[in-house]
Amino acid sequence: MENIRVRFAPSPTGALHIGGIRTALYNYLLAKKYGGTFILRIEDTDQTRFVPGAEDYIIEALHWAGIVPTEGQSFGGEYGPYRQSDRKAIYLDYAKKLVENGQGYYAFDTPEELDAARQADDTFKYDYKSRARLNNSLTLSAAEVQQRLDSGAPYVIRLKVPEGETVHIQDLVRGEVNFQSNELDDKVMLKGDGMPTYHLANVVDDRLMKITHVIRGEEWLPSTAHHVLLYRAFGWEAEMPRFAHLPLILKPDGKGKLSKRDGTRLGIPVFPLSWTGETPEDSFVGFREAGFDPRAMVNFMAFMGWNPGTEQEIFSMDELAEAFSVEKIGKSGARFDIEKARWFNQQYIMASSEEELAKTVRPIVEAHGHQPTEAYLRSFVGMMKERVVLFPDFWTNGAYFFEDFTVFDEATIRKKWKTDGSRAIFAPLLEQLDGQADYNAAAVQACVEGFTNAAGLKFGDVLPILRVGLTGTMKGPAVFDMMALLGKVECRRRMERAFDLFDQVI
RNA sequence: GGCCCGUUCGUCUAGGGGUUAGGACGCAGGAUUUUCAUUCCUGUAACACGGGUUCGAUUCCCGUACGGGCUACCA
């Protein structure tokens, strides 16, 4: 395959759903695999649904995910403009061409009239039958049509769907799909406000931008028949792009496709980035803010509906592009499973260097009022990285590296600490620890072992006291490693504070 | 309702006329770690149903059921 040109064409109506990210990803992967071009086109033809900030959101989300366009809105290129509202005149030309060729016609029926027709008959369709009795340039005289146009009366341009044909679609994912043209309605191509509908704009732009593959969600499959008819009407059918319709992403629970509401309802992210809408109901947390590594999100999304056919699970973007093929895209909907996403994230965190992790974790720690040295922070993330799933877990599970604990594991202390003697027993340990010239893990361990043996205790009597005394919890990295990082003075301070607490509380 | 698409463990999926139907997540148990996590081992669990075709269907065909999408001057 050569000169692959694919596009991701979202509508800026709000935050970009995770399904959109996957569509963008598959397009990107195909382009990357064959050295093609990945284009971002903004489909803002519905002025009533335009949401300020949505375009910026889309671009930022793509950058964050590493699915970066090589051409398109805000990325430049020779086939612009890439925002459909900036291409209005182009669509008008093509819509008129349709009328001139006899493949389209002007229609003057008002939305109210059409609503009424649907009210009267719920099977009403503006099609090859009904157009003969409706208000359009097929039924009106040429003079009357011209008069209406001249008077500035509102009109739309509709596609004149041919009668009695079978439209064949060769879908890369689904194989051959057929539609009877008699089932198809005469879709509006140019709206009353002069803007094109999705169908016209999409076909015209894909043609003008030399798109070779249309990879989009399954919801577009039914209207693809109209698109094929449109290519035919313009005489472009022979160079029509190839179609690939992706399976939908389904709700984690219940039935139906994943919706933005599922995120809030289940407390899981279904958007790449957080979005603040006008109301709390229209505001959502993103994968980024929830603490996901974008590489993990991408890896996870890649596997929703596609599989390399091998047993490898962890893929970098480069590996994904290498292994990707449209033929391996599945046909059935994939249920969104946040547990799997969490597993991927854990894998990526464990595989990350301390340097990388420190960079991500620093802002989290600083948000809690601490400015650790880089060395300290790196040791910290190194010790914690096998014990976290999401980035915020570093703080949630490891705050004691930076400040005193406020609650501690009382159950363990009750078992191991005696108010009438433990303090005296452990006092020598504190002294011996203070005597360590080099407070490294091995030295501290040797010291603790020496104390344990001399006191006739078992490791199991001493370690929990140290661990809970230092951190408040029984969960965490190796005690001696933590002690070495905390340092002699801090350990002594913490133990004395803990002994006081133990005596008070137990 | 009409048109279109789909259906392998709870989930993501591999596979494909004759297989012990494979992997991953999750869950359960065990080993290691005198913590937790990691790691390793083991277990759990699936071809929607009914007819064909065939020596043989989970795999091919047709139905049914179920699920989904579309059916706007929204994308």
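Note on naming: letters A, B, ... go to the chains in the order of the sequence lines (proteins, then strands), and numbering restarts at 1 for each one.
A 3.5 Å limit on both hydrogen-bonding distances identifies no Watson-Crick or G-U partner for U54(B). Using Watson-Crick or G-U wobble geometry with both donor-acceptor distances under 3.5 Å, U39(B) finds its partner in A31(B). Across all strands shown, G1(B) pairs with U71(B); the Watson-Crick or G-U wobble distances both stay below 3.5 Å. C25(B) is paired with G10(B) under the Watson-Crick or G-U wobble criterion, all donor-acceptor distances under 3.5 Å. Across all strands shown, A45(B) forms no Watson-Crick or G-U wobble pair with both distances under 3.5 Å.
Across C5(B) and A45(B), the matching C1' atoms stand 28 Å from one another, rounded to whole Å. Distance check on atom P: C66(B) versus G30(B) gives 44 Å, rounded to whole Å. Nucleotides C9(B) and A21(B) have their P atoms positioned 15 Å apart, rounded to a whole Å. U54(B) and C61(B): their P atoms are spaced 16 Å apart (whole Å). Going from the C1' atom of U53(B) to that of G63(B) covers 15 Å, rounded to whole Å. With P as the reference atom, G26(B) and U11(B) are 16 Å apart, rounded to whole Å. For the C1' atom pair drawn from C60(B) and G15(B), the interatomic distance equals 16 Å after rounding to whole Å. Separation of the P atoms belonging to U20(B) and C25(B) is 26 Å when rounded to the nearest angstrom.
Using a 4.0 Å heavy-atom cutoff across all strands shown, Pro154(A) reaches no nucleic acid atom at all. Met195(A) comes within 4.0 angstrom of nothing in the nucleic acid, heavy atoms only. Counting non-hydrogen atoms under 4.0 angstrom, Lys125(A) reaches nothing in the nucleic acid. Residue contacts for Thr412(A): at a heavy-atom cut-off of 4.0 Å it reaches no nucleic acid atom on any strand shown. As judged by a 4.0 angstrom heavy-atom cut-off over every strand, Arg335(A) is placed among residues touching the sugar-phosphate backbone only. The residue Lys331(A) sits close only to the backbone: its heavy atoms come under 4.0 Å of sugar-phosphate atoms, none of a base. Note on Met350(A): only backbone sugar-phosphate atoms sit closer than 4.0 angstrom, heavy atoms only; bases stay farther off. In this structure, Gly256(A) reaches the sugar-phosphate backbone alone: every heavy-atom distance under 4.0 Å involves primed, P, OP1 or OP2 atoms, never a base. At a threshold of 4.0 angstrom between heavy atoms, the contacts of Phe179(A) are confined to the sugar-phosphate backbone, with no base atom among them. Among the atoms of the strands shown, only primed sugar atoms or phosphate atoms (P, OP1, OP2) are found under 4.0 Å from some heavy atom of Arg118(A). Counting non-hydrogen atoms under 4.0 angstrom, Gly217(A) reaches nothing in the nucleic acid. Heavy atoms of Asp115(A) sit nowhere under 4.0 angstrom from any nucleic acid atom.
Rounded to whole Å, atom C1' of C70(B) lies 16 Å from atom CZ of Phe243(A). Between the C1' atom of G10(B) and the CG atom of Asp337(A) lies a distance of 10 Å, rounded to the nearest Å. Atom NE2 of His226(A) is separated from atom C1' of A75(B) by 15 Å (rounded to the nearest Å). Here G22(B) presents its P atom at 16 Å from CG of Asn307(A), a figure rounded to the nearest Å. The CE-C1' distance, from Met483(A) to U35(B), rounds to 15 Å in whole Å. Rounding to whole angstrom units, CD of residue Gln180(A) and P of G2(B) are separated by 16 Å. Rounded to whole Å, the distance from CG on Asn182(A) to C1' on G2(B) is 14 Å. For the pair Gln47(A) CD and C73(B) P, the computed distance is 16 Å after rounding to whole Å.
Annotation: Tyr198(A) is in aromatic contact with Trp220(A) [ring centroid separation under 6.0 Å]. Side-chain rings of Phe502(A) and Trp417(A) approach one another, their centers coming within less than 6.0 Å.
Counting distance only, with no hydrogens placed and no angle test, the side-chain atoms of Lys187(A) and the base atoms of A72(B) include no donor-acceptor pair under 3.5 Å. Between the side chain of Arg174(A) and the base of C5(B), no donor-acceptor pair under 3.5 Å is found. Judged by atom type and distance alone, Arg49(A) reaches the base of C74(B) through a side-chain donor-acceptor pair under 3.5 Å.
Closest to the side chain of Thr197(A), out of C3(B), A75(B), G69(B), is A75(B). Nearest nucleotide to the Pro222(A) side chain, out of G69(B), C12(B), G26(B): G69(B). Side chain of Glu219(A), nearest nucleotide from C25(B), C3(B), A75(B): A75(B). Closest contact between the side chain of Ala478(A) and the listed nucleotides A72(B), U35(B), G69(B) involves U35(B). When the nucleotides C12(B), C73(B), U35(B) are ranked by their closest atom to the side chain of Pro111(A), C73(B) comes out on top. Closest contact between the side chain of Ser11(A) and the listed nucleotides G22(B), U35(B), A75(B) involves A75(B). The Trp343(A) side chain lies nearest to G26(B) when the options are G26(B), C73(B), G68(B). Distances were taken from every side-chain heavy atom of Ser332(A) (C-beta onward) to each of C70(B), C5(B), U7(B); the shortest belongs to U7(B). Checking G23(B), C5(B), U11(B) against every side-chain atom of Val177(A), the shortest atom distance belongs to C5(B).
In this structure, Arg41(A) forms no cation-pi arrangement with Phe8(A), as its terminal cationic atom is not both closer than 6.0 Å to the ring centre and no more than 45° off the ring axis. Cation-pi geometry between Arg158(A) and Tyr126(A) is met: the NZ or CZ atom falls under 6.0 Å from the ring centre, inside 45° of the normal.
Remark: side-chain polar atoms of Asn182(A) are paired, donor with acceptor, to backbone N or O of Gly164(A) under 3.5 angstrom. In this structure, the side chain of Asn397(A) does not engage the main chain of Phe394(A) through any donor-acceptor pair within 3.5 Å.
Between C74(B) and Lys191(A), a contact under 4.0 Å exists linking OP1 or OP2 to a side-chain N or O. The side chain of Gln346(A) places an N or O atom within less than 4.0 Å of a non-bridging phosphate oxygen (OP1 or OP2) of U38(B). One finds a side-chain N or O of Arg158(A) lying less than 4.0 angstrom from the OP1 or OP2 phosphate oxygen of C73(B). Neither OP1 nor OP2 of A14(B) sits under 4.0 Å from any side-chain N or O of Thr310(A).
Side chains of Tyr128(A) and Asp185(A): no donor on one and acceptor on the other come within 3.5 Å.
For Phe303(A) and Phe124(A), each mapped to the nucleotide of RNA chain B holding its nearest heavy atom, the one lying further toward the 5' end belongs to Phe303(A). Of the two residues contacting RNA chain B, namely Asp44(A) and Glu218(A), the nearest-nucleotide position lying further toward the 5' end is that of Glu218(A).
For the side-chain hydrogen bond (donor to acceptor under 3.5 Å, both in side chains) criterion with Asp206(A), the lone passing option out of His227(A), His213(A), Arg7(A) is Arg7(A).
Arg242(A) CZ: 12 or fewer foreign heavy atoms inside a 6.0 Å radius.
In summary, Arg83(A) and Glu43(A) do not engage in a salt bridge, as defined by a charged side-chain N under 4.0 Å from a carboxylate O.
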